[in-house]
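Notes follow the structure.
Everything quoted here is computed from the prediction, not taken from an experiment. Just so it is clear, the values below take in all heavy atoms, side chains as well, and ignore hydrogens, waters and symmetry mates. Naming: A, B, ... by sequence-line order, numbering from 1 per chain.
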Amino acid sequence: MPELPEVETVARLIRPRLLGRRIVDARIDWPRTVGTMSPASFRKRIAGSPIDRVWRRGKYIVFDLGPRRCLVGHLRMTGRMQVREPGSEPSPYVKVSLALDDGSVFEFIDVRKFGRLILAEEPDEVFPKLGPEPLSDEFTAAWFRAALKRRSRALKPLLLDQSFLAGLGNIYVDEALHAARLHPLRHADRLTGKAADALHAAIRAILEEAIEREGSSFDTFYRTPEGQPGDYQHQFQVYGRTGKPCRRCEAPIRRLVVGQRGTHICARCQRSPRGRPSP
DNA sequence: AGCTACTCCTGGTAGC
DNA sequence: TGCTACCAGGAGTAGC
């Protein structure tokens with residue numbers, strides 16, 4: 001599922017194809033994708049809009065479309081965005097198409113239809129409360145230490161909470177916790193400063209490397225807008241490696257369920273909150 | 001505050 | 001081979 005590195009990759013790859021273009025028309029094949037606005041209204045309002053900027057916040061991609069108009073996209077589970085050349089065949093599972101002034105077409109593709117592409121005046125109308133960007137200067141080790149101290153929740157649900165920290169999802173949370181040798185059920189306020197710093201460093205390092213590798217493509221869904229798979233899945237230490245040996249200690253990777261989410265750990269490297277290896 | 005349960009979806013796969 | 005049942009999960013919401 002697309003998380004911060006995948007979303008950042010999408011933004012980087014579609015940006016040069018969109019900047020300076022103007023949207024001339026829209027086609028909506030699945031009305032829910034554009035939220036509560038009617039397809040007719042969406043089409044009428046977006047036509048003629050210039051694409052001034054393409055940026056990312058957490059897992060959202062935002063298209064600034066002139067004064068007091070923007071398009072806010074979220075890929076959720078299986079969403080993709082791409083810009084196809086004039087005259088080329090439409091992709092399967094396209095939910096929204098935006099015809100651009102050079103003949104190319106922006107496509108929002110989404111097999112499971114969870115993704116959204118919302119037209120609004122300001123992004124804040126669409127964004128829920130979002131925590132800091134993990135790769136920004138705001139996300140310092142000191143801030144993270146203090147923020148963890150204020151929360152009693154288990155690390156896994158806390159790190160998945162976008163209002164705490166924006167951009168992490170199931171994969172990168174599991175990877176970061178393993179890198180920092182922390183069990184997903186450890187409680188945030190019980191971490192030592194050293195452990196909090198290790199987690200902070202792990203989150204940043206993993207996200208940076210994943211972006212460098214254009215994200216992860218562990219199943220048939222995620223592809224970069226150029227149609228290429230990402231490369232970070234080869235770096236996975238725990239995610240999707242149930243039963244395989246931990247690359248650090250050889251113990252088999254275990255899968256558990258935490259907060260309805262599949263969770264992957266090395267029971268030897270990541271000690272349970274009780275201080276014993278997980279059952 | 002933070003937990004669980006439920007909802008939205010459908011391709012892939014396990015089991016028969 | 002062909003069918004059915006179930007799984008994956010981000011995030012919003014409801015209820016406790």
Side-chain angles (χ1 to χ4, degrees), chain A residues 1-10 28-37 56-62 72-81 91-96 108-118 120 123-131 133-134 146-177 184-191 207 210 215-223 229 233 236 238-243 253-265 273:
Chain A
M1 53 253 61
E3 304 179 22
L4 190 154
E6 290 75 30
V7 178
E8 177 64 27
T9 300
V10 170
I28 291 110
D29 295 299
W30 185 257
R32 289 195 67 157
T33 301
V34 299
T36 54
M37 188 179 287
R56 179 192 61 74
R57 171 80 172 100
K59 299 178 201 171
Y60 291 85
I61 293 184
V62 185
V72 181
H74 197 300
L75 304 172
R76 292 284 181 97
M77 304 295 296
T78 55
R80 293 177 52 189
M81 293 178 184
S91 309
Y93 306 112
V94 168
K95 299 296 173 267
V96 177
F108 187 86
I109 301 158
D110 193 6
V111 172
R112 290 186 197 164
K113 304 176 179 174
F114 285 177
R116 291 292 178 264
L117 204 53
I118 307 296
D124 287 348
E125 293 168 27
V126 180
F127 289 161
K129 179 180 179 269
L130 292 172
E133 281 293 319
L148 290 173
K149 274 277 171 268
R150 289 194 297 269
R151 303 300 203 103
S152 60
R153 293 173 87 178
L155 289 173
K156 171 106 183 192
L158 182 62
L159 294 175
L160 286 174
D161 184 344
Q162 303 299 298
S163 71
F164 178 73
L165 187 62
L168 293 178
N170 208 34
I171 296 173
Y172 295 104
V173 167
D174 280 7
E175 293 298 316
L177 288 172
L185 292 175
R186 285 281 295 275
H187 286 259
D189 56 358
R190 309 269 266 278
L191 293 199
L207 291 178
S216 307
S217 300
F218 58 95
D219 63 21
T220 54
F221 294 123
Y222 173 76
R223 290 291 181 277
Q233 65 278 10
F236 287 170
V238 286
Y239 188 84
R241 297 193 66 244
T242 308
I253 301 303
R254 295 229 175 103
R255 182 181 185 277
L256 39 147
V257 176
V258 178
Q260 281 88 18
R261 303 268 176 261
T263 299
H264 310 76
I265 64 163

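As rounded to whole Å, 11 Å separates atom C1' of C:dG9 from atom CZ of A:Arg255. Separating the CG atom of A:Asp161 from the P atom of C:dA11 is a distance of 10 Å, rounded to the nearest angstrom. One atom, CD of A:Glu6, and another, C1' of C:dG10, lie 13 Å apart when rounded to the nearest Å. When the C1' atom of C:dA11 is taken as reference, atom CG of A:Leu75 falls 13 Å away, rounded to whole Å. Rounded to an integer number of Å, the gap from A:Asp189 CG to B:dG2 C1' is 13 Å. Here the C1' atom of nucleotide C:dG9 and the CG atom of A:Leu168 are 16 Å apart, to the nearest Å. Here the P atom of nucleotide B:dC9 and the CZ atom of A:Arg116 are 7 Å apart, to the nearest Å. Summarising the geometry, the separation between CZ on A:Arg32 and C1' on B:dC8 is reported as 6 Å, rounded to the nearest angstrom.
Between A:Arg261 and A:Val173 there is no side-chain heavy-atom pair separated by less than 4.5 Å. Looking at heavy atoms from C-beta onward, A:Val7 lies in side-chain contact with A:Leu75 at the 4.5 angstrom threshold.
The side chain of A:Asn170 lies closest to C:dG10, out of B:dG11, C:dG10, C:dG12. Of the candidates C:dG9, C:dG12, B:dC9, the closest approach to any side-chain atom of A:Trp30 belongs to B:dC9. In this structure, the nucleotide among B:dG11, C:dG9, C:dA11 sitting nearest to the side chain of A:Arg76 is C:dA11. Of the candidate nucleotides C:dG10, B:dG2, B:dC3, C:dG10 has the atom nearest to the side chain of A:Lys59. The side chain of A:Arg112 lies closest to B:dG11 when the candidates are B:dC3, C:dG10, B:dG11.
The existence of a salt bridge linking A:Arg57 and A:Glu133 is confirmed by a sub-4.0 Å separation between a basic side-chain nitrogen and an acidic carboxylate oxygen.
Panel note: side chain A:Lys149, backbone A:Asp189; a donor-acceptor pair is recorded below 3.5 Å. Side chain of A:Glu175 to main chain of A:Tyr239: a donor-acceptor pair is present (N/O by atom type, distance under 3.5 Å, no hydrogens or angles). A donor-acceptor distance shorter than 3.5 angstrom exists from the side chain of A:Glu3 to the backbone of A:Asn170, with no hydrogens or angles considered.
Look at A:Phe114 and the base of C:dA11; the rings do not stack under the cut-offs of 5.5 Å between centres and 30° between planes.
Between A:Arg150 and A:Gln260, the one whose closest nucleotide on DNA chain B sits nearer the 5' end is A:Arg150. Along DNA chain B, the nucleotide closest to A:Ala154 and the one closest to A:Tyr93 are compared, and the more 5′ of them pairs with A:Ala154.
Between A:Ser152 and B:dG2, a side-chain N or O to OP1/OP2 separation shorter than 4.0 Å is present. Between A:Tyr60 and C:dG10, a side-chain N or O to OP1/OP2 separation shorter than 4.0 Å is absent. Under 4.0 angstrom from either OP1 or OP2 of C:dG10 there lies no side-chain N or O belonging to A:His74.
Here A:Gln162 lies in heavy-atom contact (under 4.0 Å) with sugar-phosphate atoms only. Across all strands shown, A:Phe164 has no heavy atoms under 4.0 Å from either base or sugar-phosphate atoms. Nucleic acid contact for A:Arg261: base, since at least one base atom lies under 4.0 Å from a heavy atom of the residue.
Residue A:Arg151 places no side-chain atom within donor-acceptor reach of the base of B:dA1, judged by atom type and a 3.5 Å distance cut-off alone.
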